[in-house]
Amino acid sequence: MNHLSSTNQKHSASFTKLQKRIRHNTGKAIADFNMIEDGDKVMVCLSGGKDSYTMLDILLHMQKVAPISFSIIAVNLDQKQPGFPEHVLPQYLTQLGVDFEVVEEDTYSIVIDKIPEGKTTCSLCSRLRRGILYKTATRLQATKIALGHHRDDMLETLFLNMFNGGQLKAMPPKLVSDDGKQIVIRPLAYCAEKDIAEYSQFSEFPIIPCNLCGSQENLQRKVIKGMLQDWQQRFPGRIESMAKALQNVVPSHLADSSQYDFIGLKTQAAPFVDGDIGFDPPEFVNTPVNKNRHADSLDVTNI
């Protein structure tokens with residue numbers, strides 16, 4: 001076997017292993033949170049970045065192998081950023097044979113006009129984008145809106161809210177819009193960003209950079225991302241542990257009286273659920289998270 005053949009085989013084996021991991025994690029997240037049900041029309045929000053490309057790729061695979069039937073329509077929001085390559089996504093989606101729509105809204109001019117130079121544009125840009133996507137989902141009669149946020153995005157949001165907003169709040173894998181009319185899902189909730197980046201490189205997706213916000217070096221999210229990456233490098237496994245913590249919340253050991261009845265707390269003769277262990281040192285164990293399965297939902301964790 002020559003060197004080139006050996007290299008190609010290793011490349012193929014590495015990609016297959018990575019693909020299986022991302023497909024498994026995505027299928028598990030969808031099943032755990034009942035994200036996609038029989039008959040759903042899923043509007044996949046495609047920005048042209050690595051995350052949304054990967055999400056679409058995995059969902060298209062699951063559409064073929066899932067025990068339920070659901071449709072997909074890819075939607076891109078053309079925000080009229082200077083230099084945006086308008087041909088890339090239509091060409092890519094046409095080659096895939098995917099139903100798609102490009103929505104044109106000049107939010108770029110609004111953001112540039114309203115946000116002072118040097119300030120971050122993400123908050124206003126995301127609000128405008130979210131409103132347009134909700135309206136588009138209603139018009140297309142989509143039952144689910146799929147966003148490409150991954151596990152690392154969720155953790156970054158947790159720390160952003162703690163450090164800057166005084167809230168213990170992250171990105172949920174599934175949520176209902178404030179008007180109650182839309183369900184937003186994040187199928188990549190269990191996927192690591194490094195896996196998605198590697199998968200995107202393997203797949204050679206035609207990445208479109210965001211020139212509006214990608215160049216802002218003062219973004220707090222970038223600071224948080226650097227902190228988490230530093231922790232992971234110095235303490236391997238820390239990100240995985242923090243991600244598990246999002247599913248193992250113990251309200252009795254926090255300090256939010258709206259989530260736990262501290263005022264009504266009293267002693268009792270019988271053992272107390274979640275009672276304090278006194279002065280014994282805590283034992284750190286991996287607590288399994290039990291999730292209900294739905295007969296009419298997508299469960300492809302073994303694929």
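- Of the listed residues (Leu56, Val75, Thr94, Ile72), just one forms a side-chain contact (heavy atoms from CB on, under 4.5 Å) with Phe100, and that residue is Thr94.
- With hydrogens and angles left out, the side-chain atoms of Thr157 and Arg221 include a donor and acceptor closer than 3.5 Å.
- Between Met242 and Leu246 the shortest side-chain heavy-atom distance does not fall below 4.5 Å.
- Screening Lys225, Lys222, His150, Gln220 for a side-chain hydrogen bond (donor to acceptor under 3.5 Å, both in side chains) involving Glu156 leaves a single residue, Lys225.
- One finds the OG1 atom of Thr26 at 11.5 Å from the CZ atom of Arg21 (value rounded to the nearest 0.5 Å).
- Both Met62 and Phe205 belong to a common hydrophobic cluster when Ile, Leu, Val, Met, Phe, Trp and Tyr are linked at side-chain heavy-atom distances under 4.5 angstrom.
- Grouping the Ile, Leu, Val, Met, Phe, Trp and Tyr side chains by contacts below 4.5 angstrom, directly or via other members, places Leu140 with Val184.
- Val98 is not listed as a side-chain neighbour of Ile73, based on a closest heavy-atom distance of 4.5 Å or more.
- Looking at Asp230, its side chain never comes within 3.5 Å of a backbone N or O of Gly226 through a donor-acceptor pair.
- Listed for the Glu198 side chain is no donor-acceptor partner under 3.5 Å among the backbone atoms of Gln201.
- Contact between Asp38 and Ser69 at its shortest, heavy atoms only, is OD1-N, 2.9 Å.
- Closest of all the heavy-atom pairs between Ala142 and Gln182 is O-OE1, 4.1 Å.
- A side-chain donor from one of Thr143 and Asp40 sits under 3.5 Å from a side-chain acceptor of the other.
- Linking Ile, Leu, Val, Met, Phe, Trp and Tyr whenever their side-chain heavy atoms come within less than 4.5 Å puts Ile239 and Met171 in one cluster.
- For the salt bridge (charged side-chain N to carboxylate O under 4.0 Å, His left out) test, no residue two or more places apart in sequence or in another chain qualifies with Asp51.
- Under a hydrophobic-cluster definition in which Ile, Leu, Val, Met, Phe, Trp and Tyr are linked whenever side-chain heavy atoms come within less than 4.5 Å, directly or via other members, Leu59 and Leu89 are assigned to the same cluster.
- Using a 4.5 Å cut-off on side-chain heavy atoms (C-beta onward), Met55 and Val44 make contact.
- Interatomic distance, Leu160 CG to Lys169 NZ, rounded to the nearest 0.5 Å: 12.0 Å.
- Side chain of Gln63 to backbone of Phe70: a donor-acceptor contact under 3.5 angstrom is found.
- Contact of the Asn161 side chain with the Leu168 side chain is not registered, since no non-hydrogen atoms from C-beta on lie closer than 4.5 Å.
- Looking at Ile185 and Leu147, their side chains never come closer than 4.5 Å, going by heavy atoms from C-beta outward.
- Residues Asn164 and Phe159 fail the side-chain proximity criterion, which asks for heavy atoms closer than 4.5 Å.
- Of the N and O atoms on the side chains of Ser200 and Thr54, not one donor lies less than 3.5 Å from an acceptor on the other residue.
- Contact record, Pro251 with Tyr260: O-CB, 3.9 Å, taken as the closest heavy-atom pair.
- Other residues, nucleotides and ligands place no more than 12 heavy atoms under 6.0 Å from the CD atom of Glu204.
- When all heavy atoms of Arg139 and Val103 are compared, the pair lying nearest together is NH2-CG2, 4.2 Å.
- Between the side chains of Glu101 and Thr136, no donor-acceptor pair of N or O atoms lies under 3.5 Å.
- Across all their heavy atoms, Ala243 and Arg151 have their closest contact at CB-CD, 3.6 Å.
- For Tyr53 (side chain) and Pro206 (main-chain N/O), a donor-acceptor pair under 3.5 Å exists by modelled atom type.
- With rounding to the nearest 0.5 angstrom, the CG atom of Leu46 is 5.5 Å from the CG atom of Leu93.
- Atom NZ of residue Lys144 and atom OG of residue Ser71 lie 11.5 Å apart, to the nearest 0.5 angstrom.
- In this structure, the side chains of Cys45 and Leu133 come closer than 4.5 Å at one or more pairs of heavy atoms.
- Under the 4.5 Å side-chain criterion, counting only non-hydrogen atoms from C-beta, Ser14 is in contact with Phe202.
- For Tyr199, the ring-ring contact (aromatic ring centres under 6.0 Å, His included) test picks out Phe15, with sequence neighbours left out.
- Taking SG of Cys191 as the reference point, atom NE2 of His24 lies at 10.0 Å (rounded to 0.5 Å).
- Under the rule for a ring-ring contact (aromatic ring centres under 6.0 Å, His included), Tyr134 has no partner lying at least two apart in sequence or in another chain.
- Between Asp152 and Ala192 the shortest heavy-atom distance is OD1-CA, 3.6 Å.
- Cluster membership check: Leu18 shares its hydrophobic cluster with Tyr190, using side-chain heavy-atom separations under 4.5 Å among Ile, Leu, Val, Met, Phe, Trp and Tyr.
- If you take CZ on Phe33 and NZ on Lys174, they are separated by 9.5 Å, rounding to the nearest 0.5 Å.
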